Amino acid sequence: MTSSQSGQANFKQLREQAGLSQEALARIIGVSSKTVSNWERGISVASLTVTQMKSLCDSLNVTLDHLPDDFSSDTEKP
């Protein structure tokens, strides 16, 4: 597993541990559920405002340091 694939899995795992669906998380941070799905599948890169990042961390119950550095892979696909 590449580090990017690991980041994707970790992001999904964090969301699931928080008990949130993709739709619920998307609503909280102000993006579409398709965007969250794309992050988890490595199709797109997360680009969030500081406010959205704070909401993301709060909703996942983690600090910024616990989020994966990269939600997607720009060179390697599974």
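Keep in mind the model is a prediction, meaning the values are calculated, not measured.
Taking CG of Leu25 as the reference point, atom NZ of Lys12 lies at 13.0 Å (rounded to 0.5 Å). Interatomic distance, Ile29 CD1 to Leu60 CG, rounded to the nearest 0.5 Å: 8.0 Å. Taken to the nearest 0.5 Å, the CZ atom of Arg27 stands 11.5 Å off from the OG atom of Ser59. Going from atom OG of Ser55 over to atom CD1 of Ile28 covers 8.0 Å, rounded to the nearest 0.5 Å. Taken to the nearest 0.5 Å, the NE2 atom of His66 stands 10.5 Å off from the CG atom of Leu64. Of the inter-residue distances, the one linking Glu16 atom CD with Ser21 atom OG reads 10.5 Å to the nearest 0.5 angstrom.
Contact check for Gln13 versus Asn10: side-chain heavy atoms found under the 4.5 Å cut-off.
Across all non-hydrogen atoms, the minimal contact from Glu40 to Gln22 is OE1-NE2, 2.8 Å. Pairing each heavy atom of Pro68 with each of Phe11, the nearest pair is CG-CB, 3.8 Å. Listed here is the closest heavy atom pair of Thr63 and Cys57: C-SG, 3.9 Å. Residues Arg41 and Asn38 approach most closely at NH2-OD1, 2.8 Å, considering heavy atoms. The two residues Trp39 and Ala46 make their nearest non-hydrogen contact at NE1-CA, 3.3 Å. Residues Thr35 and Ser44 come closest through the heavy atom pair O-OG, 4.3 Å.
The backbone N or O of Ser33 sits nowhere less than 3.5 Å from a side-chain atom of Glu23 that would complete a donor-acceptor pair.
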Notebook entry, point to check: Leu14 and Gln17: side chain to side chain contact (heavy atoms under 4.5 Å, CB included), yes or no, with the steps?
Noted result: CA-CA 5 Å; Leu14 288 172; Gln17 287 175 348; 4.1 Å; yes
